[in-house]
Protein chains: 2
Amino acid sequence: MKKRKTLKDVAAAAGVSKMTASRALRGEKDVSRANVDKVRQAARDIGYYGNHLAASLSSARSDLIGVVVPSLSNIVFPQVMSGVTDALAGTGFQPVFGVTDYDTGKENEILRSMLSWRPAGLIVTGLDQPDDTRMLLADAGIPIVQIMDCDGDPVDACVGFSHTKAGHDIAEALIAEGRTRFGYAGCNMHKDTRAAKRKKGFLEALKAHGIELKAMVTDVALSSVVIGRDLTAQLLASHPELDCIYYSNDDLAAGGLFHCIDAGISVPERVVLAGFNGLDIIEGFPGKIATSRTSRREIGEAAAKMILDSLKNDKIESGRNVVVQPTISLGLLSKGGQAVG
Amino acid sequence: MKKRKTLKDVAAAAGVSKMTASRALRGEKDVSRANVDKVRQAARDIGYYGNHLAASLSSARSDLIGVVVPSLSNIVFPQVMSGVTDALAGTGFQPVFGVTDYDTGKENEILRSMLSWRPAGLIVTGLDQPDDTRMLLADAGIPIVQIMDCDGDPVDACVGFSHTKAGHDIAEALIAEGRTRFGYAGCNMHKDTRAAKRKKGFLEALKAHGIELKAMVTDVALSSVVIGRDLTAQLLASHPELDCIYYSNDDLAAGGLFHCIDAGISVPERVVLAGFNGLDIIEGFPGKIATSRTSRREIGEAAAKMILDSLKNDKIESGRNVVVQPTISLGLLSKGGQAVG
DNA sequence: ACTCATCTCAGTACCGGTATCGGTACCAGT
DNA sequence: ACTGGTACCGATACCGGTACTGAGATGAGT
């Protein structure tokens, strides 16, 4: 096995010192044009591609941005990741992703592991980390941006929206449309604290109007279209009087829509199905579901830009809470909020 | 800003040497039980979490596995990533993801960047890298597993299936069902070489039966349900005689199904829609599309396991081509291949 | 001619760990 | 008591870069 090329090899091939080679490759000044060319050429010739390990260790800084998300199976998070990736493109920083499976223990473990790579910054999903994890983040001494939520107290800064308010607002909108007999279907509620907040906001709004939830079904599994189908079938079988179902997200609502299409139940006339996220896919659906549209890419981009800002200004800007309000789309035929029926 | 804790701090706190602390934390033998406890406790007390940079540099090995995928917006790749993550869980290895956007230049760049972190192994999507990228991989001296394809010559090893055969096989199956008037709709064909291979296999099979493609529409954008809708509307408007449409993937086929539901076109009776991947979501659809089901998670897991194997045996096992044949599901009412009509 | 600033380059000391190797303590066997 | 083996521990030399410091060369100013 041939030995890996090092900077010394490049320097030797170019006939300069290690130091000059290092500077030339990094594009620093204080190197003559002639030597820059010689070094660049030598590096290309012998196929040298650097060693971030050594560089980062030596310079006590790295170009890694850690990004921690709870899941990959919900397309929302890959979209956030795309946003981060795009915002970081061309900046010299590179995202590193970690997945927690909605498990706080795993989250702590992943964060420790990431911190041990001395990242330049961290983007973490959610505001509800346990104390030990919070401490870990607070002591890291690097910019931390928490995303997808703003109901709570960020370690440092956050970009997101209020899930409580999102649940509240869509309830208000549905009530304004004349809906009165509500059901709820959710997945993974014990771990997905943000879904739980939406549900909380939703129920609070109902209560404020003196409306009681008629029925609720949940499943511990991760949300999926198929489960949404099943839960909807259950709900409508036991409570055929429902005129609106709120789901913990769009995947479930989509399953609900598909069930209704197959069962010949008219949506949204007889029953309104309301989800959360505003997935692109629902644009293509044969039927309309209500939803709160969130801007995932933008949140990812904004978070990455905040990190870059902090890094540029060489200080951690605390307390910057950027709120990106979701927009409600009811997908109903009636315009301007006029009541149906 | 308080200084980061180092191993020396731990050693001092535990009253042992740096070396003993290092060994204790890594669980090596040659350390007394008492000292292991002291060091562990000291590390916990002062909140030490190690420095992978220094560790990897010093030991000339790292616990990173690079994973390069073309896209995050196609749920298939996050699923592959999940498979890799799961297979790596508890092994001490950590995946690092990169996204190429189907761009070979970006792919090369990302691979260089990854290699500069001295990963223990690499998982790369596809077999059709340009020569310079191939060279980069071949010279890396670490196990490389290429995934999602087996039509071609792997640098080292691969886990996947033949897209050409997949296209061919589903064409055969559809012809056996009595379909004769075929259309094709595809996205991103100029960059997605695997989709192009499926199309090639599909057309070859048609030709072998003396069948000519009646119509074809493509779009340069990434595939999505909405675009699938549009392309299908175009195809069926200009060629209402089609009795089968083959799509470059399930996203498009789903859009096609939704269009047909809205347009009152019966699927699969009047027109069969065939996609590729076997997404979980189609299980929930109000209607059936044909597809080739691929096992993404399993491919990710298998690739990760192959890397771990190579690492354990301390040699790179070349030429291991694992083929995971997709299974065709036509979603038709007729059983046993009896012709329709 | 001499001083001084500027540009270029090289030497040295790290960064924070780990591999290696040489030692010390302790015990069993003879 | 002496030897040999085993368990444990620490000093030292790195890994491959970069920060820092200082030196030589060159040119301008006087």
Side-chain angles (χ1 to χ4, degrees), chain A residues 2-39 42-43 46-64 92 112-113 115-120 141, chain B residues 1-40 42-43 46-64 92 112-113 115-120 141:
Chain A
K2 78 180 83 60
K3 211 164 149 3
R4 279 275 180 42
K5 302 297 182 195
T6 77
L7 189 57
K8 199 154 65 176
D9 300 326
V10 177
V16 298
S17 78
K18 233 176 82 172
M19 230 17 261
T20 301
S22 170
R23 276 194 279 254
L25 289 176
R26 280 179 299 148
E28 280 196 7
K29 57 182 168 55
D30 281 7
V31 185
S32 66
R33 184 92 194 104
N35 270 341
V36 170
D37 290 342
K38 266 200 297 186
V39 171
I46 67 176
Y48 172 78
Y49 49 76
N51 186 333
H52 265 96
L53 252 33
S56 298
L57 175 61
S58 173
S59 60
R61 81 176 87 91
S62 91
D63 49 11
L64 257 30
R112 297 187 95 83
S113 166
L115 285 171
S116 76
W117 287 102
R118 299 291 182 272
Chain B
M1 154 114 61
K2 77 180 85 60
K3 216 168 145 0
R4 279 274 182 39
K5 302 297 181 191
T6 76
L7 189 58
K8 200 153 64 176
D9 300 326
V10 177
V16 299
S17 75
K18 233 175 82 172
M19 215 38 241
T20 300
S22 170
R23 278 194 276 250
L25 290 176
R26 281 178 297 148
E28 281 196 6
K29 55 178 168 55
D30 281 7
V31 186
S32 67
R33 184 90 194 105
N35 271 338
V36 169
D37 290 341
K38 267 200 297 187
V39 171
R40 291 256 164 88
I46 68 176
Y48 173 78
Y49 49 75
N51 185 332
H52 266 94
L53 254 34
S56 298
L57 175 61
S58 173
S59 61
R61 82 175 89 89
S62 92
D63 49 12
L64 295 178
R112 297 187 96 83
S113 165
L115 285 171
S116 76
W117 287 101
R118 301 290 183 272

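Owing to the predicted nature of the structure, the values given are computational and were not obtained by experimental measurement. Each chain gets a letter, A, B and so on, in the order its sequence line appears, and its residues count up from 1.
Straight-line distance from the CD atom of B:E28 to the C1' atom of D:dG10: 14 Å, rounded to whole Å. To the nearest angstrom, P of D:dC8 lies 22 Å from NZ of B:K18. Distance, B:K38 NZ to D:dG10 P: 9 Å, rounded to whole Å. Here the P atom of nucleotide C:dG16 and the NZ atom of B:K5 are 13 Å apart, to the nearest Å. At whole-Å resolution of the value, CG in A:N35 and C1' in C:dC7 are 12 Å apart. Protein atom CG of B:L53 is 9 Å distant from nucleotide atom C1' of C:dG16, rounded to whole Å. We find that CG of B:N51 is positioned 7 Å from P of C:dG16, with the value rounded to whole Å. If you take CG of B:L7 and P of C:dT18, they are 6 Å apart, rounded to a whole angstrom.
For the atom pair OG (B:S116) and CG (A:D63), the distance works out to 7.5 Å, reported to the nearest 0.5 Å. The structure places OG of B:S32 at 8.5 Å from CG of B:D37, a figure rounded to the nearest 0.5 Å.
When the side-chain nitrogen and oxygen atoms of B:S58 are compared with OP1 and OP2 of C:dG17, none of them lie within a distance under 4.0 Å. Taking only side-chain nitrogens and oxygens, B:S32 comes nearer than 4.0 Å to OP1 or OP2 of D:dC9. Remark: B:R26 is in phosphate contact with C:dA19, judged by side-chain N or O atoms under 4.0 Å from OP1 or OP2. Distances shown here put a side-chain N or O of B:Y48 below 4.0 Å from the OP1 or OP2 atom of C:dG17.
By the 30° and 60° cut-offs, the orientation of the rings of A:W117 relative to B:W117 is perpendicular.
Residue-to-nucleotide proximity on DNA chain D shows that, of A:L57 and B:T20, the 5′-proximal contact is made by B:T20. A residue-by-residue look at A:M19 and B:G15 shows that B:G15 has its nearest nucleotide of DNA chain D further toward the 5' end.
A:R23 contributes no side-chain N or O that forms a donor-acceptor pair with the base of D:dA19 under 3.5 Å.
Side chains of B:Y49 and B:R4: a donor on one and an acceptor on the other come within 3.5 Å.
A:R33 comes within 4.0 angstrom of nothing in the nucleic acid, heavy atoms only. B:A55 comes within contact range of the sugar-phosphate backbone alone, with a heavy-atom separation under 4.0 Å but no base atom that close.
Side chain of B:V31, nearest nucleotide from D:dA19, D:dG16, D:dC9: D:dC9. For A:V16, counting side-chain heavy atoms from C-beta on, the closest listed nucleotide (C:dG16, C:dA10, D:dT18) is C:dA10.
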Q | Residue pair A:H52, B:R118: steps toward the side chain to side chain contact (heavy atoms under 4.5 Å, CB included) verdict | A | CA-CA 8 Å; A:H52 265 96; B:R118 301 290 183 272; over 6 Å; no
